A.B. asks: 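Structure provided below as structure tokens; questions to follow.
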Amino acid sequence: MDNQPWQIRAKEAGLTQKALASIAGKPANTISRQMRGEFGDVPGYLIALIIAWEMMTDDQRVDWMRQLEREEGTR
């Protein structure tokens, strides 16, 4: 991550680019480019994901990721 404001927030919250890409269901390079502002402002869905991550406890994060993994298996 390149130290853009939302990249800093994600990193400070312990949210890696790889995890963010997994949660968003997007390729990591797409997330990287969006977080750097290559396509304009950081998309709202990434901002929402970062804010949600910041609000969760570590246990909630683990539970959320497990649930996402289960749901991905049903698609």
Side-chain angles (χ1 to χ4, degrees):
M1 294 196 194
D2 292 336
N3 295 323
Q4 297 296 323
W6 284 103
Q7 290 174 317
I8 293 168
R9 281 184 69 167
K11 186 175 182 178
E12 287 177 352
L15 183 58
T16 66
Q17 184 175 297
K18 182 178 178 181
L20 190 54
S22 176
I23 292 166
K26 305 278 186 188
N29 66 331
T30 299
I31 297 300
S32 175
R33 294 174 73 193
Q34 290 177 325
M35 293 292 283
R36 286 195 315 266
E38 278 191 32
F39 306 114
D41 292 337
V42 174
Y45 78 93
L46 289 177
I47 292 169
L49 289 173
I50 293 166
I51 290 169
W53 191 263
E54 290 173 330
M55 294 174 68
M56 287 186 261
T57 65
D58 288 340
D59 288 341
Q60 289 172 321
R61 292 171 180 172
V62 169
D63 290 343
W64 192 40
M65 293 300 285
R66 285 185 183 145
Q67 182 64 31
L68 285 173
E69 289 170 5
R70 281 194 295 271
E71 292 298 325
E72 286 175 355
T74 63
R75 289 192 225 179

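Predicted model only: the values in this text are computed from it and were never measured.
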A.B. asks: Going by salt bridge (charged side-chain N to carboxylate O under 4.0 Å, His left out), name the residues that satisfy it together with D58, two or more places apart in sequence or in a different chain.
C.D. replies: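 Partners of D58 by the salt bridge (charged side-chain N to carboxylate O under 4.0 Å, His left out) criterion, ordered by chain and then number, come out as R61.
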A.B. asks: Should I23 and W64 count as side-chain neighbours, where that means a heavy-atom distance under 4.5 Å?
C.D. replies: yes
A.B. asks: If every non-hydrogen atom of A28 is compared with every non-hydrogen atom of Q17, which pair is closest and at what distance?
C.D. replies: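 Shortest heavy-atom separation between A28 and Q17 comes out as O-NE2, 3.3 Å.
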A.B. asks: So, using side chain to side chain contact (heavy atoms under 4.5 Å, CB included) as the criterion, who are the partners of P5 when residues are at least two apart?
C.D. replies: none
A.B. asks: Checking E38 now: which residues fulfil side chain to side chain contact (heavy atoms under 4.5 Å, CB included) with it, not counting sequence neighbours?
C.D. replies: R33, R36
A.B. asks: According to side chain to side chain contact (heavy atoms under 4.5 Å, CB included), who are the partners of Q60, at least two apart in sequence or on a separate chain?
C.D. replies: M56, T57
A.B. asks: My understanding is that only residues two or more places apart in sequence, or in another chain, count here; which of them pass side chain to side chain contact (heavy atoms under 4.5 Å, CB included) with I47?
C.D. replies: W6, V42, I51
A.B. asks: Does the side chain of M35 come within less than 4.5 Å of I50's, by heavy atoms?
C.D. replies: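 In short, these two side chains touch, coming nearer than 4.5 Å.
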A.B. asks: Can you list the steps and then say if K26 with L46 is a side chain to side chain contact (heavy atoms under 4.5 Å, CB included)?
C.D. replies: CA-CA 11 Å; K26 305 278 186 188; L46 289 177; over 6 Å; no
A.B. asks: Does anything in residues 43-54 form a salt bridge (charged side-chain N to carboxylate O under 4.0 Å, His left out)? List the pairs, not counting sequence neighbours.
C.D. replies: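 Pairs touching residues 43-54 that pass the test: R9-E54.
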A.B. asks: Is it true that, when you exclude N29 itself, more than 12 heavy atoms of the residues, nucleotides or ligands shown sit nearer than 6.0 Å to its CG?
C.D. replies: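 For N29, atom CG is crowded (more than 12 foreign heavy atoms under 6.0 Å).
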A.B. asks: For Q7 versus S32, what's the shortest heavy-atom pair and its separation?
C.D. replies: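 Heavy atoms only, the tightest pair is NE2-O, 4.4 Å.
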A.B. asks: Are I31 and F39 connected into the same hydrophobic cluster when the rule is that any two of I, L, V, M, F, W, Y join if their side-chain heavy atoms are below 4.5 Å apart?
C.D. replies: no
A.B. asks: How far does CD of E72 sit from OG of S22, to the nearest 0.5 angstrom?
C.D. replies: 5.0 Å
A.B. asks: Please find the pair of heavy atoms, one from A24 and one from Y45, that lie closest to each other, and give the distance.
C.D. replies: CB-CE1, 3.6 Å
